[in-house]
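Each remark here refers to the structure printed beneath this line.
Reminder, nothing fancy here: chain letters follow the sequence lines and each chain counts from 1.
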2 protein chains.
Amino acid sequence: MRRASQFGRRPTIIDVAIAAGVSKSTAARVMSGQGNVSPKVVAAVRTASRDLGYQRNNMAVSMRSGRSGLIGIIVPDISNPFWAEVVRGAQERAVLSGSSLLIFSSDWSAERERSHLQALVQTRVDGFVLNTIADEGDTQDFTNLGCPFVLIGTTSDLYPDRSSVGSDIPQGVATALDHLSRCGHDLPKLITGPPRRLARAKFVSAINRYFIDRDIDPTGIEAENGEYSVNGGRAAMARLIRHHKGSHMTVFAANDLMALGAMAEARDAGLACPADVSVIGFDGIPSGEFCSPPLTTIAKPSRGIGEDAMRLLGRLIEGDSVVMRPRLPCRLVERGSVLDFSATRERTLHLA
Amino acid sequence: MRRASQFGRRPTIIDVAIAAGVSKSTAARVMSGQGNVSPKVVAAVRTASRDLGYQRNNMAVSMRSGRSGLIGIIVPDISNPFWAEVVRGAQERAVLSGSSLLIFSSDWSAERERSHLQALVQTRVDGFVLNTIADEGDTQDFTNLGCPFVLIGTTSDLYPDRSSVGSDIPQGVATALDHLSRCGHDLPKLITGPPRRLARAKFVSAINRYFIDRDIDPTGIEAENGEYSVNGGRAAMARLIRHHKGSHMTVFAANDLMALGAMAEARDAGLACPADVSVIGFDGIPSGEFCSPPLTTIAKPSRGIGEDAMRLLGRLIEGDSVVMRPRLPCRLVERGSVLDFSATRERTLHLA
DNA sequence: CTGTTAGCGCCTTCAT
DNA sequence: ATGAAGGCGCTAACAG
């Protein structure tokens with residue numbers, strides 16, 4: 001038993017074959033379940049395999065088959081529960097299809113993204129899912145890696161001829177603004193991501209488009225940029241508060257972490273939410289449910305994005321060269337961080 | 001350029017050698033930086049490599065060297081921010097050492113743990129970090145896998161002769177109870193994990209020990225079991241509330257997710273926190289900072305656990321067969337969910 | 001039904 | 001300083 005430790009090395013299929021008194025091809029046939037082998041021999045090989053503690057060497061298998069059973073995924077920030085959830089969705093599908101996931105976080109560094117990408121290629125992953133942080137101009141060359149991939153996130157818009165999965169940002173933004181409108185809010189102030197990020201541009205332009213479509217002039221909308229983090233949200237909110245004139249302030253944050261930061265900053269500034277400040281977020285992370293007040297937000301289909309990306313990638317790996325670019329719908333999660341003026345009738349409905 | 005796509009297959013080191021007009025051994029020497037090669041040849045090989053878009057095949061390298069550069073990690077629940085943070089710590093060290101992490105979640109299923117473990121072994125990871133969910137009795141046989149590993153979490157206590165990293169539960173528990181004591185609280189009620197879990201037993205016995213050491217009889221302590229999740233905490237809290245007699249209720253939850261659930265349940269039951277109910281958690285997840293009121297908790301060194309486990313694993317992989325079992329200290333994070341009786345002097349200090 | 005053989009891509013003696 | 005050759009563990013023809 002467990003001759004692995006006895007020998008000081010793992011048993012190979014040859015060890016199994018010898019122990020079972022057959023050739024290594026026969027043993028291999030039993031292992032892979034391919035080809036015809038007599039029941040008696042099958043049993044003998046199985047027994048030998050168990051006795052030796054034989055574990056098939058996937059490296060060798062990959063080497064011959066050209067398939068590693070490894071899939072890579074790179075997201076900008078695995079600390080952000082949103083991305084964690086995307087990865088989880090991917091993970092679920094990976095396990096289902098018997099492959100293992102190599103998970104990386106680029107932490108918003110193009111350099112790290114590049115190096116992780118190289119690691120993936122050298123590991124000969126069968127494919128990868130990527131949310132590239134590359135903005136226009138410095139689009140990376142992962143298209144030449146000779147490895148199937150599916151893009152996720154807003155930056156996938158930069159690669160219109162590649163398969164990608166994302167959330168429907170314009171629809172999500174419209175859902176948020178519809179809600180604010182229903183609740184009788186003015187033009188919201190924006191807390192957005194870093195200036196050069198494509199995601200920021202898409203977010204802002206979706207908002208502008210929404211108002212323009214409704215004959216409302218969006219030019220007065222204030223926006224503060226920040227990192228996509230709690231602290232980024234705090235800092236942006238601090239600036240917003242400093243410049244704010246008037247009574248109630250309505251804030252639309254480009255992600256939930258920032259929204260959480262904004263709420264914390266407001267509280268620290270002595271502002272009550274939602275009485276003095278209304279905040280609506282974008283992502284739908286679990287923390288939003290427990291903050292005070294619970295965060296009203298637009299939930300992206302995070303897990304679905306990960307799942308669908310893996311499904312798509314699976315087809316690509318199978319050789320199906322179809323290009324699909326689904327944009328999954330977001331949904332409003334109404335909690336307590338947006339004041340409802342329409343109920344109190346304290347204010348006319350500016351946007352309705 | 002990019003002959004990978006021209007050929008329909010990735011260039012191998014032979015392609016590079018041919019393009020550079022040298023033998024594959026010479027090319028290999030250049031790639032690995034080992035051995036003497038004339039500068040002129042080095043340059044030629046480098047150029048050819050770049051031109052062809054050559055990417056070293058780690059499978060082949062692993063096969064010869066016996067090192068895959070892959071490390072596995074299995075945690076019980078990657079959705080729990082605590083474990084996510086542990087993984088993140090591990091990830092950081094992995095990147096530093098140039099290896100890639102295969103991350104799995106057993107989702108509290110022994111069956112899934114086993115199958116993930118097998119996947120890791122077959123992938124020939126150089127080693128793995130594991131929080132086994134195995135309780136006493138059904139200890140798994142990963143000790144015979146012939147693969148270096150470091151255990152993390154409470155269940156590592158079941159393998160006293162193996163290297164492991166954990167948090168110092170008795171110290172953490174004492175820190176929590178000291179704090180409650182300072183704030184003038186009675187014996188707390190407990191929200192604990194599932195009954196059969198070793199972690200639950202350790203938690204409860206650390207609490208009993210604390211009181212016994214101080215000549216206080218802990219037998220009256222009520223405890224409700226639940227899943228290690230928000231909903232588990234809610235359900236346990238609901239039962240606690242139902243049975244509660246008296247005024248203020250003090251709750252010590254075995255993890256933050258359950259604490260969050262407990263607070264939510266209390267709120268739904270019309271109980272104010274901390275006025276009517278004090279809650280202290282255990283873990284130190286980020287969400288605790290934003291809930292209402294912010295959760296007072298005992299922060300485990302989550303990231304440090306991941307980092308140290310990887311450091312230790314690295315030594316094991318290098319052949320250093322030392323056994324180390326550090327238990328990292330926890331620290332009190334005082335926020336707003338525990339009422340301070342000592343300030344209001346509404347109650348005598350029972351435990352001080 | 002089973003055995004033999006030839007590599008997958010790389011590194012590393014050994015020889016030149 | 002360079003080339004030739006063997007083999008890591010496995011599978012897929014090809015023979016019998």
Side-chain angles (χ1 to χ4, degrees), chain A residues 3-4 7-45 48-49 52-70 121-126 146-147, chain B residues 3-4 7-45 48-49 52-70 121-126 146-147:
Chain A
R3 291 212 221 157
F7 287 167
R9 67 171 181 83
R10 292 185 172 293
T12 73
I13 201 166
I14 298 189
D15 298 322
V16 175
I18 292 173
V22 297
S23 76
K24 62 174 180 169
S25 357
T26 302
R29 274 188 272 265
V30 174
M31 291 306 158
S32 63
Q34 313 272 6
N36 290 334
V37 187
S38 75
K40 199 183 294 184
V41 174
V42 170
V45 173
S49 164
L52 294 170
Y54 170 73
Q55 296 277 6
R56 199 168 173 206
N57 185 335
N58 278 346
M59 301 265 152
V61 174
S62 314
M63 192 120 174
R64 267 214 57 101
S65 67
R67 283 284 186 88
S68 63
L70 262 24
V121 173
Q122 296 197 344
T123 307
R124 294 296 191 267
V125 292
D126 294 332
C147 179
Chain B
R3 291 212 220 157
F7 288 167
R9 65 173 182 82
R10 291 186 172 293
T12 74
I13 201 167
I14 299 188
D15 297 321
V16 174
I18 292 173
V22 297
S23 76
K24 60 174 181 167
S25 346
T26 302
R29 273 189 271 266
V30 174
M31 291 307 158
S32 61
Q34 314 271 5
N36 291 334
V37 187
S38 75
K40 200 182 294 183
V41 174
V42 170
V45 172
S49 163
L52 294 169
Y54 171 72
Q55 295 277 4
R56 198 172 173 202
N57 185 335
N58 277 347
M59 301 266 154
V61 174
S62 313
M63 193 123 172
R64 261 206 61 94
S65 67
R67 284 283 186 89
S68 63
L70 262 24
V121 173
Q122 297 197 344
T123 307
R124 294 298 191 268
V125 292
D126 295 332
C147 179

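Nearest approach of A:Ala27 to A:Val22, heavy atoms of both residues: N-CG2, 4.2 Å. Scanning all heavy atoms of the two residues, the minimum distance from A:Arg124 to B:Gln55 falls at NH2-O, 2.8 Å. Of all heavy-atom pairs between A:Asp126 and A:Ser68, the closest is OD1-N, 2.8 Å.
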Practice item. Please lay out, stage by stage, how A:Asp15 and A:Arg9 fare under the test salt bridge (charged side-chain N to carboxylate O under 4.0 Å, His left out). Key: CA-CA 11 Å; A:Asp15 298 322; A:Arg9 67 171 181 83; 3.0 Å; yes
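Taking atom CG of A:Leu52 as the reference point, atom P of D:dG9 lies 14 Å away to the nearest angstrom. Note: CD1 (A:Ile18) to P (C:dG3) measures 12 Å, nearest angstrom.
Side-chain N/O atoms of B:Ser38 include one lying less than 4.0 angstrom from OP1 or OP2 on D:dT2. The side chain of A:Ser23 places no N or O atom within less than 4.0 Å of a non-bridging phosphate oxygen (OP1 or OP2) of C:dT2.
A donor-acceptor pair under 3.5 Å links the side-chain atoms of B:Ser65 to the main chain of B:Val61, judged by distance alone.
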In residues 28-36 of chain B, what donor-acceptor pairs under 3.5 Å come from side-chain atoms, sequence neighbours left out?
unit_1, atom_1, unit_2, atom_2, d
B:Ser32, OG, B:Ala28, O, 3.1

Review point. How does each nucleotide of nucleotides 8-16 of chain C score, in 5' to 3' order, for protein heavy atoms under 4.0 Å: base (B), sugar-phosphate only (S), or none (-)?
Key: BBBBB----
